[in-house]
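Excluded from the calculations below are hydrogen atoms, water molecules and symmetry mates; all remaining heavy atoms, backbone and side chain alike, are included.
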Amino acid sequence: MRVGLIARGEDRGLGLQTWEVSRHLDCDVLLVNVEDRFDCHFDRYPGAVHVGWAGNGFRNRQKVQSWLERQDVVYTAETFYDPQFTTWAHNARVPIVCHLNPEFWRQGPIANWWNPTSWRMEHVHRAAKVVPYPVALDRWPAATAPHDGPCRWLHVAGRGAMWDRNGTEATIAALAHLREPCHVTICTQGEAPEIPATRPGVTVEVRGHEPDYWRLYEGHDALVMPRRYGGLCLPVNEAMGAGLAVAMTDISPNTDTWPVVPIMAKPGRTERMYAGHIEVADVDPFDIAVVMDTLADPDARAEAQRQARAWAERHSWEVLGPAWMEDLAALRA
């Protein structure tokens, strides 16, 4: 079966997500180059068909149609990139799967919709199914070994999404409330944030972009991710693959999807997004600090690390990849 993959080449969510699909499945790649916005790593996809995209459709639609007609099934994440793509696929009798992000989903073209978590299932297409996104466990052959010293925390801010999705502002505010000695690393692809004064024994480091994303987790014991909304969270998948404990807000779908140490959150305002009005949770920085201090206990931290790595092993590409291929093959039957 020939699986077509619409891939991205930058060091951001869709770029990393589709890169790992290409590494673990045998795919024929259409590489979308988002011109003038991001650096595209063409070397990640040898033999791929390259096509430019500037936000309103493919630059060379004939090239895309020619690529599409050679596929048995096509996988894309979040978007089809061109309003005509589903029509071309229908005419070529090529089924397409879109792994959606519900905050960007609207009723639209006919496709096979996969939701990576249960978040907002009641708002997406009635025929959508939950298909988890696997962990690239080969990036972390060995889990982080527990140790008895102060906890080494990581927060992945990235480039930042609307309404502070990852809870970076609250995480930074929580630093002033920490009581237990620890080291906190904040990784960002944007401007370095201002860090408040902290108690003695609490140290903070801000790092810039790491091109090898899996190395973000080296030298850390736990990830703090007080997310305010969203389904799939790649840094959480990755942290668990690396064997880090994960502290995350107790909102849907976090506690139902991952074995996280919960951070209390409260319903917040409803904000306008592409998919409509979506509730954005509020989290008190003090509550974040309380949970972080709890994981200063080496035994509690080690147990959370063990649960995280066990979850990643059950959700690796080696375990879930065959089910993906069965689902894709069934669409072609």
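The distance from the CG atom of L178 to the CD1 atom of I288 is 9.5 Å, given to the nearest 0.5 Å. Note that CE of M248 is 3.5 Å distant from CG of N254, once rounded to the nearest 0.5 Å. For the atom pair M240 CE and E313 CD, the distance stands at 12.5 Å (nearest 0.5 Å).
Across T203 and H183, no two heavy atoms sit closer than the pair OG1-ND1, 2.6 Å. When all heavy atoms of A143 and G243 are compared, the closest pair comes out as CB-CA, 4.1 Å. Residue V51 comes nearest to R59 through the heavy atom pair CG2-N, 4.3 Å, listed as atom of the first residue, atom of the second, then distance. Taking all atoms of both residues into account, the shortest heavy-atom contact from Y45 to H41 is CD1-O, 4.1 Å. Taking every heavy atom of both residues into account, G241 and R309 meet most closely at O-NH1, 2.5 Å.
Around atom CG of D212, more than 12 heavy atoms belonging to other residues, nucleotides or ligands sit under 6.0 Å away. D138 CG: more than 12 foreign heavy atoms inside a 6.0 Å radius. In this structure, E205 places its CD atom where more than 12 heavy-atom neighbours from other residues, nucleotides or ligands lie under 6.0 Å away. When the shell of 6.0 Å around CD of Q62 is examined, it contains 12 or fewer heavy atoms from other residues, nucleotides or ligands. Atom CZ of F286 is surrounded by 12 or fewer heavy atoms from other residues, nucleotides or ligands within 6.0 Å. Around the NE2 atom of H209, the shell of radius 6.0 Å holds more than 12 heavy atoms that belong to other residues, nucleotides or ligands. For E303, the CD atom sits in a packed shell: over 12 heavy atoms of surrounding residues, nucleotides or ligands are nearer than 6.0 Å. Annotation: R126, atom CZ; neighbour count of heavy atoms from other residues, nucleotides and ligands within 6.0 Å does not exceed 12.
The residue from D256, T257, V131 that alone fulfils the side chain to side chain contact (heavy atoms under 4.5 Å, CB included) condition with T117 is T257. Among the candidates T171, D287, I251, the single residue satisfying the side chain to side chain contact (heavy atoms under 4.5 Å, CB included) test with P226 is T171.
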Can you list the steps and then say if N166 with H155 is a side-chain contact (heavy atoms from CB on, under 4.5 Å)? CA-CA 9 Å; N166 285 355; H155 174 72; 4.2 Å; yes
Show your working on side-chain contact (heavy atoms from CB on, under 4.5 Å) between W317 and L25 and close with a plain yes or no. CA-CA 9 Å; W317 274 103; L25 301 182; 4.0 Å; yes
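In this pair, Y81 and F58 present their aromatic rings tilted. The plane angle is within the 30 to 60° band. Using cut-offs of 30° and 60° on the angle between ring planes, the pair W324 and Y75 is tilted. The aromatic rings of F85 and W67 sit tilted relative to each other, their planes meeting at an angle between 30° and 60°.
In the hydrophobic clustering of this structure, V156 does not group with I186; members are Ile, Leu, Val, Met, Phe, Trp, Tyr whose side-chain heavy atoms approach within less than 4.5 Å, directly or through other members.
There is no side-chain donor-acceptor pair under 3.5 Å between N33 and H50. A donor atom on one side chain and an acceptor atom on the other are not found under 3.5 Å apart for Q65 and E69.
Taking the ring centre of W19 as origin, the terminal cationic atom of R139 falls inside the region bounded by 6.0 Å and 45° from the ring axis.
Taking the charged nitrogens against the carboxylate oxygens, R8 and E10 do have a contact shorter than 4.0 Å, which makes a salt bridge. A salt bridge does not link D26 with R2: every distance from a Lys NZ or Arg NE/NH1/NH2 to an Asp or Glu carboxylate oxygen is 4.0 Å or more.
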